[in-house]
There are 2 protein chains.
Amino acid sequence: MKTRTRILQATLNLLEASQGVGGKGVRMSDIATQAGISRQAVYLHFANRAELLIETTYYLDRLKDTEARLAASRSAETGVKRLNAFIEAWGSYIPEIYGTLKALMAMKDTDPEAAEAWNKRMQDMREGCEAAIKALHRDKTLSPDYKPDLATDILWTMLSVRTWEHLTTECGWPQTAYIKHMKALAQKVFVASA
Amino acid sequence: MKTRTRILQATLNLLEASQGVGGKGVRMSDIATQAGISRQAVYLHFANRAELLIETTYYLDRLKDTEARLAASRSAETGVKRLNAFIEAWGSYIPEIYGTLKALMAMKDTDPEAAEAWNKRMQDMREGCEAAIKALHRDKTLSPDYKPDLATDILWTMLSVRTWEHLTTECGWPQTAYIKHMKALAQKVFVASA
DNA sequence: CAATTAACTTGACACCGTGTCAATTGACAG
DNA sequence: CTGTCAATTGACACGGTGTCAAGTTAATTG
């Protein structure tokens with residue numbers, strides 16, 4: 001296994017682990033140790049912490065095959081099915097990548113590159129929301145209370161990582177409840193009542 | 001003006017200002033300079049950065065008279081009015097305290113005392129949500145789709161600082177839109193359709 | 001008036017984590 | 001044998017927090 005990959009994998013392991021327990025920041029030296037190399041050697045592969053974190057998210061995407069997951073929602077026939085499939089896909093994806101996303105979120109406040117990477121990811125996610133809302137709109141099943149743009153903003157916010165974090169961590173919802181209630185809520189809010 | 005108060009006021013000014021522009025962390029030395037004293041002197045009044053931040057939030061509460069604001073929602077006759085009054089009161093309060101809350105949020109990830117202070121605040125806020133939902137429940141106007149506990153969780157999440165942050169910063173909603181749409185959304189989700 | 005006390009100042013320093021640099025080692029390839 | 005690549009070691013700068021000791025200043029009090 002290439003050293004670069006070992007570093008990425010080590011980062012992933014540590015972010016995953018620290019998220020559950022202490023939650024305190026994973027250091028470059030921790031990552032190096034876990035990867036079995038010296039701290040300085042990490043910098044032979046990644047310019048800085050921000051770059052490493054960003055590359056780790058790409059590595060994760062490859063591992064989890066993000067694209068394939070979202071394909072399901074794209075092929076749904078009706079707008080309602082598409083909305084549900086998207087919530088299911090994205091909602092199930094969050095817990096798998098949460099550790100890494102959390103580190104990126106923390107970093108975006110101080111590092112402009114991290115902020116950009118984060119924004120790009122969230123913008124991609126927004127497109128998924130927009131597509132689901134537009135599918136409803138074409139089906140004439142979008143609630144007349146909302147124009148597509150507004151509905152997209154609200155859905156995007158509902159499905160944000162922060163919202164997931166709040167419901168599962170602060171409210172203690174199990175993952176299954178999150179998916180279930182989010183689907184129901186989206187239905188109630190966005191789908192025109194028959 | 002007592003030095004302690006000057007420090008608190010300086011902290012407030014800087015948090016308010018940095019939130020709008022750079023957003024980068026306000027340092028102890030910045031606060032000291034702004035208060036017109038030496039960096040070390042700050043530690044004569046506050047044990048550490050976390051304590052200073054926490055005390056600053058209390059200072060803010062006193063300045064803004066938080067209690068009085070929430071009184072309005074408590075005196076509403078109907079559940080629906082209470083819900084609206086609470087959204088109005090809390091929703092208008094957030095932008096006034098956002099700078100300070102943001103600093104506290106950032107700190108809670110590393111400092112256990114800050115985490116506790118944050119949780120306490122959010123728990124207080126949750127009580128406001130719970131009271132509004134219970135008022136709906138007593139009026140028999142709570143949507144049959146939700147038990148009070150579940151509705152409280154959802155309202156609490158909807159009105160969280162993170163949600164406000166997302167809608168105003170990421171989606172670019174003006175404050176007026178935030179209040180308007182939150183009221184409408186809460187109505188739609190929680191109030192039983194006549 | 002002299003002594004004390006509280007609030008603050010200055011300068012120095014330890015600790016941590018990030019990032020950099022120079023010199024060195026070991027392995028493998030032509 | 002020589003060059004090169006990947007990694008190692010040790011040292012160091014920087015920024016931010018927090019601590020400590022010694023000195024100043026002004027008000028308080030016997």
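Proteins get letters first, then strands, A, B, ... in listed order; numbering begins at 1 in each.
Evaluation of the side-chain contact (heavy atoms from CB on, under 4.5 Å) rule for Asp111(A) yields Ala50(A), Met107(A), Glu113(A), Ala114(A) as partners, not counting sequence neighbours.
One hydrophobic cluster, built from ILVMFWY side chains closer than 4.5 Å, holds both Phe46(B) and Tyr58(B). In the hydrophobic cluster analysis, where Ile, Leu, Val, Met, Phe, Trp and Tyr join through side-chain heavy atoms closer than 4.5 angstrom, Leu44(B) is grouped apart from Met1(B).
Remark: side-chain polar atoms of Thr163(A) are not paired, donor with acceptor, to backbone N or O of Leu159(A) under 3.5 angstrom. Here the side chain of Gln187(A) pairs no donor or acceptor atom with the backbone of Leu83(A) at under 3.5 angstrom.
Rounded to an integer number of Å, the gap from Gln40(B) CD to dT24(D) P is 17 Å.
A side chain to side chain contact (heavy atoms under 4.5 Å, CB included) with Asp61(A) holds for exactly one of Arg121(A), Arg69(A), Glu67(A); it is Arg121(A).
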(message) Using a 4.0 Å heavy-atom cut-off to protein, can you give one letter per nucleotide of nucleotides 12-17 of chain D, 5' to 3': B if the base is in contact, S if only the sugar-phosphate is, - if neither?
(response) ----SB
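Within 4.0 Å (heavy atoms only), Leu44(B) reaches at least one base atom of the nucleic acid.
Once you apply a 4.0 Å limit to the heavy atoms of chain B, the touched nucleotides of DNA chain C run 5' to 3' over dC8(C) to dA12(C).
Atoms CZ and CZ, on Arg82(B) and Arg138(B) in that order, are 7.5 Å from each other to the nearest 0.5 Å.
If you check the side chains of Tyr178(B) and Thr168(B), you find no donor sitting under 3.5 Å from an acceptor.
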